[in-house]
Amino acid sequence: MDLKKLENLAYLARLEMNQEQLEKTAPNINAILDWVAKLQELETDNVEPLYSTAVHALPRRADHPDATSYRKEILSNAPETDNHQAFFTVPTVVE
Amino acid sequence: MRYTIDGKNGKWEVVMGLEVHCQVNSASKLFSSSPTAFGAEPNTQVSYVDAAMPGMLPVINDWVVKQAIRTGLGLNAKINKVSRFARKNYFYPDLPQGYQISQSDQPIVGEGVVEVKTEDGGKRAIRIERLHLEQDAGKSMHDQDPHKTYVDLNRSGTPLMEIVSYPDITSPDEAAAYFKKIQTLVRYLGTSDGNMEEGSMRADVNVSVRPVGSDELRPRAEIKNMNSLRFIRQAIAYEAQRQVDLYDAGESPVQETRLFNPKTGETKSMRSKENAADYRYFPCPDLLPLILDDAEIEAIRKDLPELPDAKRDRFIAEYGVSEDDAITLSNDKDVAHYFETAVGREKQRDGKMVSNWILSELFGHLNKENRSITESPISAENLGDLVDLIAENVISGKIAKTVFEDMLKTNRSPKKIVEEKGLRQITDSGAIEKAIDKILSGAPDKVAEYKSGKVALIGWFVGQVMQATQGRANPGEVNKLLKEKLGE
């Protein structure tokens, strides 16, 4: 993991990191990667990938709608809303 | 006929794959109980799960799972008994989670195939790569305020089926036909309303070009969020030409996401997306594997309706209608139902005749009024009765059109109209003879001309008799009697 890759990763995660932080973090990340690389030495050709230690299948719910509006509660956490308190508002996103 | 583009150094062909997104017709969302109804007040259908409040956990909607299986079976596809959910990570204001829950390497439905009819009447099999379930994002509105983007999360978490085709599509028309086919299919199955205007169905189109005869796959452009057949055709034609022009200029297209602008008919690159395309998929730790058993899949298979292709073939075999007519009749479930009701289960009227009345007369009227078949002023039963009146020689085909016009306006039964207006065909040869005698005696010169060899005048005589009987005389009978009398 060089600094350039780390910088891109930070961008994808929307983390703002200055040069000093990048330089400090890179060796830590590399240590983690080395450790994972060590794990990869294990022979796993005949082992099914394990995504979860839970053995149950995914529980499902019935298709019953709950028509309660939580708009007030949801918007109360928003940094900014429109004048009618109906929308979240954010700085213009231009495509 | 192959769709090709002439380049400087030879012909190019187009290679396309479609990703069609269909909203599942559920009452509530994929992982929460918020309603999915269209047109609600902004942010009133947003649960804490949809707003991605910390600690909220997704619970999958059983109905949606079943609709995905149902659609997969309709696509002649393999249903995967174990599938998994993954997080597709990206940042956008209308995606509160910061990731979309989707399916990556283990989708619920695997490979399948659908058949589309091409312009030249041929048929092509388009292979399906997969169908997976995923959440829709919310909606961003950029035109409400000059400095702000407004976000409505009502759509956030709405269940989508994404149907991905292999790059088997070779022309803009074929792309449109394929899209229509998927739409017809989901409507038959009832798994999505397929409504493009309300955003329940849209497509991303992957377009690349290559020299005719080659089998390579070159860099492709993904044109996002197409919601009209016309735009799909336009965007593909534009984009394919643009790529050929680039190659001609010694350049090469780059793999990228592009947006179609309906106003200019052009596609343009979405800026700064080269980073964003790195979605860093990983298994969603909030969701266990989705396990299906044979019993569930078979129960759904048993419940499948007759699908459009099967219906089309049956209409041809059972009712003798032409292939084109059979396709039109079977493409829309409601039209197919109307047709079969009008033919009648027991009566088994002449399918061709019923089909002609629906496709020319009734459709002519409905299209003019911009109405669908379910809003037809004439019930299928009444149309069937009208066909009976013609078949039983109670009225002629010509009078039937008059009756039909009346039915459009009054909703009345054709029998009633015929009785009340006295439109019953005159089959009594005595009455017809009387009318003929009157015409003949009134036009001795024409009679003489006919007898001297101008036999084409028979048409004029028939016309006169029909006029004298207000079109109610049986034309066959008139013809026969006239010839007898003039031959005397």
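Per chain, numbering begins at 1; letters A, B, ... match sequence-line order. Computed from a predicted structure; not experimentally measured.
Heavy atoms closer than 4.5 Å to chain A are found in the backbone of B:Ser32, but not in its side chain. Within the 4.5 angstrom heavy-atom criterion, only side-chain atoms of B:Val65, from C-beta onward, approach chain A. Of the two parts of B:Lys139, neither the backbone nor the side chain holds a non-hydrogen atom closer than 4.5 Å to a non-hydrogen atom of chain A. Heavy-atom distances place the backbone of B:Phe31, and not its side chain, under 4.5 Å from chain A. Proximity to chain B (any heavy atom under 4.5 Å) is shown, for A:Thr81, by neither the backbone nor the side chain. Contacts between B:Ser140 and chain A at a heavy-atom distance below 4.5 Å are absent for every atom of the residue.
A:Pro59 is listed as a side-chain neighbour of B:Leu288, based on a closest heavy-atom distance under 4.5 Å. Residues B:Asn89 and A:Leu12 form no side-chain contact, since every pair of their non-hydrogen atoms from C-beta on lies 4.5 Å or further apart. The closest side-chain heavy-atom distance from B:Met53 to A:Ile74 is below 4.5 Å. Considering only heavy atoms from C-beta on, B:Val151 stays 4.5 Å or farther from A:Phe87 through its side chain.
A distance of 9.5 Å separates NE2 in A:His64 from CG in B:Asn61, rounded to the nearest 0.5 Å. Between atom CG of residue B:Asp145 and atom CG of residue A:Asp82 there is a gap of 9.0 Å, rounded to the nearest 0.5 Å. Remark: B:Leu153 CG to A:Tyr70 OH distance equals 15.0 Å, nearest 0.5 Å. Between the CZ atom of A:Arg14 and the OH atom of B:Tyr90 there is a distance of 12.0 Å, given to the nearest 0.5 Å.
When every heavy atom of B:Ser28 is checked against every heavy atom of A:Pro65, the shortest pair comes out as CB-CA, 3.9 Å. Contact record, B:Arg280 with A:Leu9: CD-CD1, 4.4 Å, taken as the closest heavy-atom pair. Residues A:Ala67 and B:Pro35 share a closest heavy-atom pair of CA-CG, 3.8 Å. In terms of heavy-atom proximity, A:Val93 sits nearest to B:Tyr92 at CG1-OH, 3.5 Å. The nearest pair of heavy atoms linking A:Pro91 to B:Thr149 is O-OG1, 4.0 Å. Across every non-hydrogen atom of B:Pro42 and A:Arg71, the tightest pair is O-NH1, 2.6 Å.
Between the side chain of B:Asp62 and the backbone N or O of A:Ala62 there is no donor-acceptor pair closer than 3.5 Å. At distances below 3.5 Å, at least one donor-acceptor pair connects side-chain atoms of A:Asp63 with backbone N or O atoms of B:Ala27. Looking at A:Thr92, its side chain does come within 3.5 Å of a backbone N or O of B:Lys148 through a donor-acceptor pair.
Listed options A:Arg60, A:Arg61, A:Glu73 were ranked by heavy-atom pairs under 4.5 angstrom with chain B; first place goes to A:Arg61. The choice from B:Ser34, B:Ser33, B:Pro285, B:Pro93 that makes the most heavy-atom pairs within less than 4.5 Å of chain A is B:Ser33. Among A:Thr68, A:Leu75, A:Thr89, A:Asn77, the residue with the largest count of heavy-atom pairs under 4.5 Å with chain B is A:Thr89.
No more than 12 heavy atoms of other residues, nucleotides or ligands shown are found within 6.0 angstrom of CG on A:Asn83.
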